[in-house]
Structure formats: C-alpha cells, structure tokens
*Asks:* 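Attaching a single structure in structure tokens format; questions to follow.
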Amino acid sequence: MYIANNRTTLYRLSSRAFSKRFINTKKPLFSGANRHARDLEVGQIPSPTAASTSASASASTSTAASNALKDPLEKARNDLLNKLGSNSSGTVVASAGPSSSSSITAAAQAAAANNSALPHGKVFTVRPITSWIDKLANQHGAPTGTHINPTGSPAEPPKKKYQKRDLLLRTMQDSYTEIILPFKTDKALLEEYINVGGTLRHGKIMEDLDALAGAISYKHTDDGKPDSSPLTIVTASVDRIDLLKPLGVCDLRLSGHVTYVGYSSMEIYMKMEEINKDKPGQHGDTILVARFTMVARDALTGKAAQVNPLLLRDDNEKKLFQMGEDHKTKKRVATDSALTKLPPTQEERFLIHDLYLEYSKYDDPQNKTNKPDDVEWMADTKMSAVHIMQPQDRNIHDKIFGGYLMRLAYELAFCNASSFIASRPTFLALDEISFRKPVPIGTFLALDSQIVYAEGGDHHSFQVMVKADVLDVKKGTRETTNTFWFTFTDPVKGTNRIMPKTYAESMLYLEGKRRRMLGSHLAGINRKSLGLQK
C-alpha cells in the first residue's frame, strides 16, 4: 500500500533549500498561522488510488507496520530540514479567474484578490520532487520511500501504467500564473535578493523567470488526469529579457501566460510589475518583459510531445499568437544567416577591413602611432570563472536548473562590465540564448566572458558575451551548452571603444553589433506596446 497524503505541495520559488510546504488549498496562501507553518517533508508520497473493500481491509491491517517505518523517517527528515531553515519566498498565485471573464487582465485581478492556489488543487513547479538525500539513500539501498505490502514487510513499488495524454483546447487565460514577491514586508525574502548596492539582484530575478516559465508550461500542458503519460518540459531558449526601468526595492508581481504554441513548443510571455500598496489588485508600472520558448518531450520515450492547442478568443489574442509565429520565423532566419553559416554581408566586410587598417597602425612596431586611451583591445577584456554543479541547483529532471545558469552567467558578465567601465554598470537586456545541452549534476561549468562590442565616444551601451562550457573530468570532454549575450550601459559617461585584432574576434564584434542593433529595435517595440514610448 501507499501511505496517503492528500495535501497540495507548494515549492519555494527561489530557495536553495530542499524544503517544500504543504498548503491547505481551501485557505489563502500564507495567511495567519499558516504562513509560518513548518510542516516539512522531503519525500514525495503518492496519493492512493481507489481500492476495493477487500483491499481496504487488508490495508488497514498494515497501518501499524506502516507507521512504525514512517514516523522515525519523518522525524529524522523534519529535524534535518528544521536545521536548514525555510523562509517563505513569495506567494504563488495561479488562477484562471472567473469563467465568464474573457480577458487575461481580469484573471490577474481575480488571482491577486483571492490570493489562492489553483482551483483544481495543483501547484505546478520545476523544482525537485524529492531531496538529494533521499536519492543517495535509494542508490545505496536505504528504503526511504518504502512501500509496505499487506504482511507489513517492505516490497518493491508496483510499476505505474500510464494512459495516453489527452489534448485539450486551452485559452491564454488558462495558463495565466503570477508570483507575488513582497519585498517591502518580508525582510527574510529581501535578504535573499538584496545586493551590495541596496537594490535587487537581477540574477535572482532571472532564476524566478525561468521557474515561472516552467510552471506556466506545465499548467498549459496538464490534461487533468493523474495517470497520463508524463512530460518533460525544458527551456529551449530565452528569446529576450528587457529591463524597462530601474529595479528598486518594492513589492513585485511576476506574471505570465502562453501566447503561442507549435507542435511541441510554447512561447511564454512574462512581465514584472510594481505593486501599489494602496491598490494591490491593480497592475503597476511594468519594469521588465521577457519571452521564453519551452519544449515538451515525452518523459518515457524522449520524443517530441504535442502540447495542448490554443483557443484564440479575440483580436488581441490573435495578435499575440501572430507575434509568436513571427518570432519563430525570425529566429529561423537568424539561425540560417548566422556568421557560423554564412559570411559577413558586404557592409560588414568593409567594416572588418576598416578595423584591420586601424588596428594595424597600433600593432605595427615600426609604426609609431600609439593606440588612443579610449580604444581597448578585445583580447584584454576576458574574465573567467569555474563552478561545481551541485545538486541543490537541480531541476525536477535532475539536471542543473536553467535559471541558475543564467544567474551565474549574468553575475560574471556584470563583473566584467564593471571592470570595463571602472564603475557600476546598468543592465539593459539579455538577448536570445539557446540551451543546447543539459548540464549534469557533478560536472564543472566553465564560464568565459568577453566585451565584444562597444562603439565608444558618446555611446553608453556595450555587449558582453559569456560562453558556458560543461567540463566532464572523467570523460575528458568540454562541450558548450550556452552562449549568453548581455547588454549593459554606463549610466554616467560614454565607454571606451572595443578593437578586435583577429578574424575570430572580428566575427564576435559583428555578432555583438548585430545583436545590439536588433536589441534596440525590439526594446523600442516593447516600450511602445506598454505605452512607455511614443
């Protein structure tokens, strides 16, 4: 038999602890004494299926044996987790809103007002279901999640039989999910996000965005049946993150929903807004917008899995869907015209030649032309770091969480950008990145950063590239898993000009220039659509 547990699990969004909370979905999340509850467990215990009368009778005879094994195990786990501690890190609100509502905004207002869990009792997450301690114990033969047969002795868990997943017609509103981050009132939460300058850490917000995109995707693909064939949903790419205004310490709302679906892919649109304490149910100024592309795979076969189609109910949703289609087409065109596949354009070739003529004057020992002080060699802007991939930073599929990789890359890029301008830079955007390979637990992640494009003069913005390689010391391999492109700006003065010296550096320079030009265009579109720019 299985030990029954019918409580809904709510994971901390950004905690690195293993803890998870059991929340009564009939009550508001984190209300009163429920907010400070420390009812913690590590192991996930499946809910029981319907049983016959004879099965129920035989199951009741094993209750004593079940509790005998369960109680000491739970006590040991809870004692460990109490030592680790568990502060709340934001309220997850996921609600489709009233059935009569035809707008996503109405759903958002209803969710914020009710501050409740999902109406069908589920909370979707990309965080691990079981602790690493339990996994290690299982690998070494310890019966942490032991099944009990009617005789009271341990037994092998039965193999679960899955049913074919149903395809359901979903609306954009159905996948709407939001996260409330009450930095003004929750000092423990603020302590996790605050940086040395007294503002919020952008890298932590990027982690939250990736987690939110995963939760939205799982919510959209859910068919409501517990025995459906499981899906694996991964972040295929981060299409764009734009910071539209400075990020200060205030209560924030992160929200998002599916805007486009293909066969197995989903585009997730998300934004971060300030919360007005006087009008908590209304949407404040938009601080950040982001688009992620998620892909679904059959967890048993590894093949592409079809996701639920979208029902478009009005012209606004049709426009959002068409924008997703256009983004997909533009990404395909950009991939086909990448510098790794096609040579530079004629205009770019002329630029490379002009750069060659200029740097040859500075690099020629027989030429007495000195390099200007506002020109910096690209080769002199490198910065690197190596990290051990620990189990605390894994996702539900036991690979390293993509949001954590973004945070590491951002923090290295920030350090390099600070060194380049000799002051604190301002983050503007993260350009499109693709997650080529998953990062296994226990490997080394080598991050190499470089300033690849800066016009200099009166121009304040510049491009920072971070390449992420997975090092497997046992196999002796090094494989690139991601290449990140960040845009920063010097808020005070213009920057030095970056000068390449080799053909390879010239290709990086052109790639940075392309991304900067396209990024400026996309940022303008975002500002116009949100009414921040005429």
Side-chain angles (χ1 to χ4, degrees), residues 236-240 291 293 325-364 367 369 371-372 375-384 409 413 416 420 428-437 446-457 459 461-470 478-488 495-525:
S237 65
V238 177
D239 300 331
R240 185 79 183 171
R291 292 184 185 275
T293 297
E325 185 74 50
D326 293 342
H327 292 152
K328 188 174 182 179
T329 302
K330 288 177 181 178
K331 284 196 293 183
R332 189 181 299 115
V333 171
T335 299
D336 293 339
S337 60
L339 291 170
T340 54
K341 294 184 177 180
L342 295 178
T345 64
Q346 183 176 11
E347 181 181 354
E348 290 172 335
R349 290 196 292 269
F350 286 149
L351 175 59
I352 291 174
H353 187 256
D354 290 341
L355 291 171
Y356 163 74
L357 293 177
E358 182 178 358
Y359 76 66
S360 295
K361 295 186 299 183
Y362 310 142
D363 203 35
D364 187 356
N367 194 321
T369 303
K371 179 175 69 66
V375 173
E376 194 162 344
W377 297 119
M378 184 186 294
D380 295 336
T381 65
K382 294 180 179 180
M383 190 175 289
S384 301
N416 201 356
F420 176 60
L428 293 181
L430 169 61
D431 204 1
E432 180 191 350
I433 57 171
S434 296
F435 290 85
R436 305 177 195 172
K437 296 177 181 293
L447 298 174
D448 297 301
S449 173
Q450 196 167 16
I451 314 297
V452 295
Y453 180 74
E455 289 185 78
H459 296 278
S461 64
F462 54 98
Q463 298 293 114
V464 184
M465 181 201 72
V466 179
K467 186 165 68 74
D469 291 347
V470 177
R478 179 173 182 140
E479 296 180 301
T480 299
T481 178
N482 309 93
T483 302
F484 301 85
W485 301 85
F486 297 93
T487 303
F488 289 92
T495 67
N496 289 342
R497 187 158 60 99
I498 287 295
M499 180 68 64
K501 292 175 66 175
T502 66
Y503 187 79
E505 290 181 351
S506 296
M507 293 302 100
L508 291 177
Y509 184 91
L510 292 180
E511 184 67 29
K513 185 176 188 297
R514 286 183 178 185
R515 290 177 179 270
R516 184 69 195 104
M517 298 300 104
L518 178 60
S520 297
H521 174 67
L522 294 176
I525 292 176

*Asks:* List the residues meeting side chain to side chain donor-acceptor pair (under 3.5 Å) with Thr293, not counting sequence neighbours, and say none if there are none.
*Replies:* Asp239, Lys331
*Asks:* Just so I know, are the side chains of Asp431 and Arg240 near enough to count as touching, which here means a heavy-atom distance under 4.5 Å?
*Replies:* yes
*Asks:* Please enumerate all residues that pass side chain to side chain donor-acceptor pair (under 3.5 Å) together with Asn482, with sequence neighbours excluded.
*Replies:* none
*Asks:* Partners of Ser384 by side chain to side chain donor-acceptor pair (under 3.5 Å), sequence neighbours excluded?
*Replies:* Asp448
*Asks:* Can you name the residues that form a side-chain contact (heavy atoms from CB on, under 4.5 Å) with Ser434, not counting sequence neighbours?
*Replies:* Ser237, Glu432
*Asks:* Test of understanding: with side chain to side chain donor-acceptor pair (under 3.5 Å), list the residues that count as partners of Asp380, not counting sequence neighbours.
*Replies:* none
*Asks:* Tyr362: what forms a ring-ring contact (aromatic ring centres under 6.0 Å, His included) with it, not counting sequence neighbours?
*Replies:* none
*Asks:* Counting only heavy atoms from other residues, nucleotides and ligands, does the tally under 6.0 Å from NZ of Lys371 exceed 12?
*Replies:* yes
*Asks:* Please list, chain by chain and in numerical order, all residues satisfying ring-ring contact (aromatic ring centres under 6.0 Å, His included) with Tyr453, sequence neighbours excluded.
*Replies:* Tyr509
*Asks:* Identify, with sequence neighbours excluded, every residue that meets ring-ring contact (aromatic ring centres under 6.0 Å, His included) alongside Phe435.
*Replies:* none
*Asks:* Return the OH to CE distance between Tyr359 and Met378, rounded to the nearest 0.5 Å.
*Replies:* 11.0 Å
*Asks:* Which residues pass the side-chain contact (heavy atoms from CB on, under 4.5 Å) test with Asp336, not counting sequence neighbours?
*Replies:* Arg332, Lys341
*Asks:* Can you list, pair by pair, the side-chain donor-acceptor contacts under 3.5 Å of residues 342-352, counting residues two or more places apart and other chains?
*Replies:*
| unit_1 | atom_1 | unit_2 | atom_2 | d |
| --- | --- | --- | --- | --- |
| Thr345 | OG1 | Glu348 | N | 3.3 |
| Thr345 | OG1 | Glu348 | OE1 | 3.4 |
| Glu348 | OE1 | Thr345 | N | 2.9 |
| Glu348 | OE1 | Arg514 | NH2 | 3.0 |
| Glu348 | OE2 | Arg514 | NE | 2.8 |
| Glu348 | OE2 | Arg514 | NH2 | 3.4 |
| Arg349 | NH1 | Pro344 | O | 2.6 |

*Asks:* What residues form a side-chain contact (heavy atoms from CB on, under 4.5 Å) with Ser360, not counting sequence neighbours?
*Replies:* Tyr356
*Asks:* According to side-chain contact (heavy atoms from CB on, under 4.5 Å), who are the partners of Ala409, at least two apart in sequence or on a separate chain?
*Replies:* Val466, Phe484, Phe486
